[in-house]
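Report on one structure; see the data block that follows.
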Amino acid sequence: MPFSVCPGFTTPGCQTVNDRIKQKPEVFAGLDTATQDKIEQGIIDIGYSEDMVYLALGAPDQKRESVTAAGKSVTWIYNTYYTRYDGTA
């Protein structure tokens with residue numbers, strides 16, 4: 001199943017990476033050191049499984065599924081909200 005992530009995210013949810021690693025220790029332990037380092041920094045890469053993306057970024061805000069002749073595709077969407085202050089203080 002193809003897997004993609006929409007850009008536009010920084011730190012979704014309120015769980016930390018370490019919290020998610022504790023939930024799926026077998027997934028994290030099965031990864032090479034370079035990949036573990038990326039996940040701990042919240043970085044994802046092409047080819048990551050859904051579990052790997054979950055560890056790095058948490059649960060998506062939305063999931064979109066589509067089915068074509070080529071198969072099923074799932075896109076995870078992350079929204080980022082932040083407060084902006086343009087004052088002088």
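Scope of the values below: all heavy atoms of this structure, side chains included, with no hydrogens, waters or symmetry mates.
- Inter-residue side-chain proximity for Ile39 and Leu31 is flagged as met; some heavy-atom pair is nearer than 4.5 Å.
- Within the 4.5 Å cutoff, the side chain of Leu57 has no heavy atoms near those of the Arg20 side chain.
- With sequence neighbours excluded, no residue forms a salt bridge (charged side-chain N to carboxylate O under 4.0 Å, His left out) with Lys63.
- Residues satisfying the side-chain hydrogen bond (donor to acceptor under 3.5 Å, both in side chains) criterion with Asn18, sequence neighbours excluded, are absent altogether.
- If you take CD on Gln15 and CG on Leu55, they are separated by 10.0 Å, rounding to the nearest 0.5 Å.
- For the salt bridge (charged side-chain N to carboxylate O under 4.0 Å, His left out) test, residues two or more places apart in sequence or in another chain that qualify with Glu65 are Lys72.
- Within the structure, the salt bridge (Lys or Arg N to Asp or Glu O under 4.0 Å) test picks out the following pairs touching residues 27-42 (sequence neighbours left out): Lys38-Asp45.
- Arg64 places a side-chain heavy atom less than 4.5 Å from the side chain of Ile77.
- Between Asp61 and Trp76, the closest side-chain pair of non-hydrogen atoms is not below 4.5 Å.
- When all heavy atoms of Val17 and Ala56 are compared, the closest pair comes out as CG2-O, 3.8 Å.
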Show which side-chain atoms of residues 21-28 pair as donor or acceptor with protein atoms under 3.5 Å away, not counting sequence neighbours.
{"residue": "Gln23", "atom": "OE1", "partner": "Tyr54", "partner atom": "OH", "Å": "2.4"}
{"residue": "Lys24", "atom": "NZ", "partner": "Asp51", "partner atom": "OD1", "Å": "2.9"}

